[in-house]
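The sequence lines fix the lettering, A, B, ..., with proteins before strands; numbering per chain opens at 1. Since the structure is predicted, the reported quantities are computational estimates derived from the model, not experimental observations.
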Amino acid sequence: MKFSQLLCPTLKDSPREAEIVSHQLMLRAGLSQKVASGLYSYLPMGLRVIKKIEAIVREELDAANCQEVALPLITPASLWQESGRWAKYGPELLRFKDRHDNEFCYGPTFEEAITDMFRQSVQSYKALPVTLYQIQNKFRDEIRPRFGLMRSREFIMKDAYSFHLTEDCLDITYKAMEAAYHRIFKRCGLDAVCVQADSGAIGGDVSAEFMIRADTGEDEVLICQGCQLTANKEVIEKTNHCPKCNSTEFKSVRGIEVGHIFKLGTLYSSALKASVLSDLGKPTIVQMGCYGIGVSRTMAAAIEQHHDEKGIKWPIAIAPYTVTIIVTNMRDEAMVETGLALYETLKHQKIDVILDDRSVSAGVKFKDAELIGFPIQLVIGKQFSETGTIEYKERDTQDTINVSKDAIVGHLKTKLETSN
RNA sequence: CGGGGCGUAGCGCAGCCUGGUAGCGCACCAGUUUUGGGAACUGGGGGUCGCUGGUUCAAGUCCAGUCGCCCCGACCA
C-alpha cells in the first residue's frame, strides 16, 4: 500500500469524547470512527488489525479441530423462548418484530442458535465430539457503552460451542480450548492470564476468563500469594479465601477480559432437547461447552498494553503493516526510486509493507509512523544521500541502526525471523 | 436509571456572566519558497452556534423544553 492512497485520517488532537488511551489512539491513528454511542466503524487500518487477529484465531481453532460456521445475526424469539432466556434476558437483548409481526432479536450470544443447528444435524454419538465456531458481529444493548471498542454495543466476537456425549469428553475439549486461547493471545503478542471466574448470565458451572493485563482494565484480578492462583474478584468475594490453598493474602492487578470459556453441561441441550443416541441406543442429552473471544476488544486491549506517549506500538503479529518505508524527501529522485524499489522487493517477499510516499514534510511522516505504530520503520533520508545507507528503526525499543541499501532486506528478514 | 459534565467549521477551543448578526489554532484548497521530528509566507473555502419554542427591535449569548455525547455508579463478554 502507498500511504498517499490510503484512507487514514490521523489526528493531532484527541477528540474530547475519548478518555482512555486505547480509545484516544484508535481515533487519532485513524483506525476507527464512532457512528453512535457504542457503534463504531473500522477504517482500513483498523480493519487490517482486526483481520490479523481473526486469522490467528482461525488458525489456532482450526488446529484444535474446530469447524467454522456462520449463523444469522438475527435469531427468532422462538429459540430463545425454548431455552427460557427470552423472559430471563433483560433489555440488553435488542428485540424487534418483522413486518409479519414475528419477534426476533439481534444475537448477543448464540447458544440457542448453535444448539438448533446441532440438533438438526446430529443424531449419533459417532459424530461427537464436535466444536463449531463463528466470528461475526454481536449486539448487546449495553446500559452504558464506554471506552470506545472496550465496551461497545456492536462488537466482533468469536464464539465457539462444543458438543459431547460425556462430561469427561467435555473436559478434554475445555482444556484444549484453554490451551488454544493461551496460544492465540501469545501469538497476538499479548500478556494474558487465565483466571477462575463466575459464570454469570451464560450459565453453567465451570468457567475461566482470559485477562489482558493493563492498568486501565475494567476488571480486578486477584493473585493468591500462597499458590499464585489467579481468580476474578467475584470468585474470591464469595468465599473470602483461595479455593485451592485457603490463603487469604491476595495481590490485585487490573485486567481486560478478552476471553471467557465455560462448561455449560446440559443447560441448553436439555432445554432445546439436543440429544444423540449412545452406543447403547439410548437417547442422551449432550454436554456442551462455550468459548468466546472479544476480537474488537482484543484490539483495544492490545493498544492499552502496547503504547507510549507517541502512539501505538503494535506487536508484529497484529500490526496493520509490519514495515513502513519513509522517504523523507519526495523531491529527491534517488530516494524516491530507492523507496519504490525496496517497497516492491518487500511486497514480493510477502512482507506487509506500506510506502510513505506522501508529499509532506519528514516530520509529519515520522509522527504518523510513531502514532500508528508500525513495528519497523525503514527511513530513506539524508544519511542515504550521504552514505547510501537506510535507517532501520524499531518502534517499540526506538533502536536505530544504519544498514547499507544492499543489506537492508536481509537485515529485515533476519530480524523478523528472530522475533517470531 | 441516579449523580456530574459537554454540544460553536474535520479536530481542539474562545465568545455566553454583561444580547448587537461568529472568531482562534490545527487540518483543508491555490501559489511561492521549503524537505530529518507535526515548515514559512500570501491568498482562499468551509458554520441555519445540537434541535424546538419563548422573551426581545435584536439571541451563540437570556428562559423553557427536547435530543445527542462523555465520565462516575448500578449492570455486564
Side-chain angles (χ1 to χ4, degrees), chain A residues 9-20 23-24 27-28 30 33-39 89-93 107-111 137-160 181 197-204 207-212 217-219 232-234 255-262 290-298 300-301 310-311 326-332 335-336 356 358-372 377 379-386 390-391 393 398 400 402:
Chain A
T10 57
L11 301 171
K12 281 187 190 176
D13 298 311
S14 184
R16 176 163 41 191
E17 69 196 39
E19 289 225 343
I20 66 167
H23 191 190
Q24 293 173 337
L27 296 174
R28 286 191 55 209
Q33 286 176 344
K34 186 176 71 180
V35 175
S37 181
L39 301 178
Y89 230 99
E92 199 174 288
L93 186 66
T109 178
F110 288 79
E111 284 79 11
N137 287 15
K138 307 291 188 284
F139 191 93
R140 293 180 188 176
D141 201 358
E142 291 285 343
I143 296 175
R144 180 152 86 90
R146 57 182 132 178
F147 304 145
L149 294 181
M150 201 67 84
R151 179 169 299 282
S152 52
R153 292 192 290 177
E154 185 169 334
F155 56 100
I156 302 170
M157 177 171 156
K158 183 284 296 178
D159 48 325
Y181 272 38
D198 196 45
S199 46
I202 306 287
S207 90
E209 290 169 350
F210 282 76
M211 301 278 197
I212 287 179
E218 281 189 276
D219 300 291
N232 80 4
K233 206 176 150 197
E234 288 73 37
I256 299 160
E257 182 186 351
V258 288
H260 204 156
I261 59 177
F262 302 80
C290 87
Y291 318 90
I293 289 180
V295 173
S296 42
R297 182 184 279 183
T298 297
K310 293 178 177 176
I326 297 177
V327 176
T328 61
N329 187 346
M330 290 303 290
R331 287 183 178 180
D332 185 314
M335 284 190 198
V336 171
D356 197 341
R358 292 176 297 171
S359 296
V360 297
S361 71
V364 172
K365 296 186 182 186
F366 289 129
K367 292 286 186 189
D368 275 347
E370 302 281 14
L371 174 62
I372 299 166
Q377 300 167 19
V379 183
I380 300 170
K382 65 183 178 198
Q383 90 292 51
F384 176 75
S385 309
E386 289 161 7
I390 292 172
E391 193 176 302
K393 181 173 180 182
Q398 299 285 109
T400 304
N402 287 323

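- In this structure, C6(B) and G68(B) make a Watson-Crick or G-U wobble pair, each of the two defining distances being under 3.5 angstrom.
- Spacing between atom NE2 of H23(A) and atom C1' of C69(B) amounts to 11 Å, rounded to whole angstrom units.
- Considering every non-hydrogen atom in both D356(A) and I326(A), the closest pair reads CB-CA, 4.3 Å.
- Remark: F155(A) CZ to R140(A) CZ distance equals 4.0 Å, nearest 0.5 Å.
- In this structure, S14(A) reaches the sugar-phosphate backbone alone: every heavy-atom distance under 4.0 Å involves primed, P, OP1 or OP2 atoms, never a base.
- Between the C1' atoms of U61(B) and A22(B), the separation comes to 11 Å (whole Å).
- The phosphate of C71(B) has neither OP1 nor OP2 within less than 4.0 Å of any side-chain N or O from R146(A).
- Shortest non-hydrogen contact noted between Y181(A) and Y291(A) is OH-C, 3.0 Å.
- Along RNA chain B, the nucleotide closest to E92(A) and the one closest to K310(A) are compared, and the more 5′ of them pairs with K310(A).
- For the P atoms, the distance linking C13(B) with C70(B) amounts to 15 Å, nearest Å.
- Of the nucleotides present, none pairs with G38(B) by Watson-Crick or G-U wobble criteria with both distances under 3.5 Å.
- Counting heavy atoms from C-beta on, the side chains of D368(A) and R358(A) come closer than 4.5 Å.
- Judged by distance alone with a 3.5 Å cut-off, a donor-acceptor contact links the side chain of D368(A) to the base of G38(B).
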Between the protein and nucleotides 39-44 of chain B, which nitrogen or oxygen pairs are less than 3.5 angstrom apart?
{"unit_1": "A39(B)", "atom_1": "OP2", "unit_2": "S361(A)", "atom_2": "OG", "d": "3.0"}

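- Comparing the P positions of G73(B) and G53(B) gives a spacing of 39 Å, expressed to the nearest Å.
- To the nearest whole angstrom, the two C1' atoms, one in A59(B) and one in A64(B), are 14 Å apart.
- Taking NZ of K34(A) as the reference point, atom CG of L27(A) lies at 8.5 Å (rounded to 0.5 Å).
- Atom CZ in F384(A) sits about 18 Å away from atom P in U35(B), given to the nearest Å.
- Between A208(A) and H260(A), the shortest heavy-atom distance links the atoms O-CD2, 3.1 Å.
- The residue K34(A) sits close only to the backbone: its heavy atoms come under 4.0 Å of sugar-phosphate atoms, none of a base.
- By the 5.5 angstrom centroid cut-off and the 30-degree plane limit, F155(A) is classified as stacked against the base of A77(B).
- Side-chain contact between K365(A) and Q377(A): absent, with no pair of heavy atoms (C-beta onward) separated by less than 4.5 Å.
- Residue G292(A) is classed as having no contact, given no heavy-atom separation below 4.0 Å to the nucleic acid.
- Across the strands present, C16(B) finds no partner; the criterion is a Watson-Crick or G-U wobble pair with both atom distances under 3.5 angstrom.
- In this entry the distance linking CZ of R331(A) with C1' of U32(B) reads 10 Å, nearest Å.
- Residue contacts for T298(A): at a heavy-atom cut-off of 4.0 Å it reaches no nucleic acid atom on any strand shown.
- Using P as the reference atom, A30(B) and C69(B) are 36 Å apart when rounded to the nearest Å.
- A pairwise comparison of heavy atoms in Q383(A) and I380(A) identifies OE1-C, 4.3 Å as the closest pair.
- The distance between atom CE of M157(A) and atom C1' of C76(B), rounded to the nearest whole Å, is 12 Å.
- Nucleotide C1(B): paired with G73(B) (Watson-Crick or G-U wobble, both distances less than 3.5 Å).
- Under the Watson-Crick and G-U wobble criteria, each requiring two contacts below 3.5 Å, nucleotide G47(B) is left unpaired.
- Heavy-atom distances to RNA chain B give each of F366(A) and R153(A) a nearest nucleotide, and the one nearer the 5′ end belongs to F366(A).
- Relative to the side chain of K367(A), the nucleotides G38(B), U35(B), C11(B) differ in distance, and G38(B) lies closest.
- A straight line from CD of E17(A) to P of G50(B) spans 17 Å, rounded to a whole angstrom.
- Between K12(A) and K367(A), the closest side-chain pair of non-hydrogen atoms is not below 4.5 Å.
- Backbone-only engagement by F147(A) is indicated by non-hydrogen atom pairs under 4.0 Å involving sugar-phosphate atoms exclusively.
- Separating the C1' atom of G15(B) from that of U35(B) is a span of 38 Å, rounded to the nearest Å.
- Within the 4.0 angstrom heavy-atom criterion, base atoms lie near E391(A).
- Residues E142(A) and S152(A) come closest through the heavy atom pair CG-O, 3.9 Å.
- Side-chain atoms of E19(A) lie closest to C70(B) of the nucleotides C70(B), A77(B), C26(B).
- Rounded to a whole angstrom, the distance from the P atom of A58(B) to that of U21(B) is 15 Å.
- Residue S37(A) is classed as a sugar-phosphate contact, given heavy-atom separations below 4.0 Å to backbone atoms only.
- Phosphate contact (OP1/OP2 of A77(B), side-chain N/O of T109(A), threshold under 4.0 Å): absent.
- Between R144(A) and C76(B), a side-chain N or O to OP1/OP2 separation shorter than 4.0 Å is absent.
- Contact check, K365(A) against G38(B): no side-chain N or O comes under 4.0 Å of OP1 or OP2.
- As judged by a 4.0 angstrom heavy-atom cut-off over every strand, K393(A) is placed among the base-contacting residues.
- Between K382(A) atom NZ and G37(B) atom C1' the separation is 10 Å, expressed in whole Å.
- Legend: residues meeting side chain to side chain contact (heavy atoms under 4.5 Å, CB included) with R146(A), ordered by chain and number and at least two apart, are R144(A), R151(A), E218(A).
- Atom C1' of C51(B) sits at a distance of 45 Å from the matching atom of U32(B), rounded to the whole Å.
- The nearest whole Å value for the distance from the CD1 atom in I143(A) to the C1' atom in C75(B) is 4 Å.
- Atom P of nucleotide G25(B) and atom CZ of R16(A) are separated by 19 Å, given to the nearest angstrom.
- In this structure, G53(B) forms a base pair with C63(B), meeting either the Watson-Crick or the G-U wobble geometry with both donor-acceptor distances under 3.5 Å.
- Residue E209(A) is classed as having no contact, given no heavy-atom separation below 4.0 Å to the nucleic acid.
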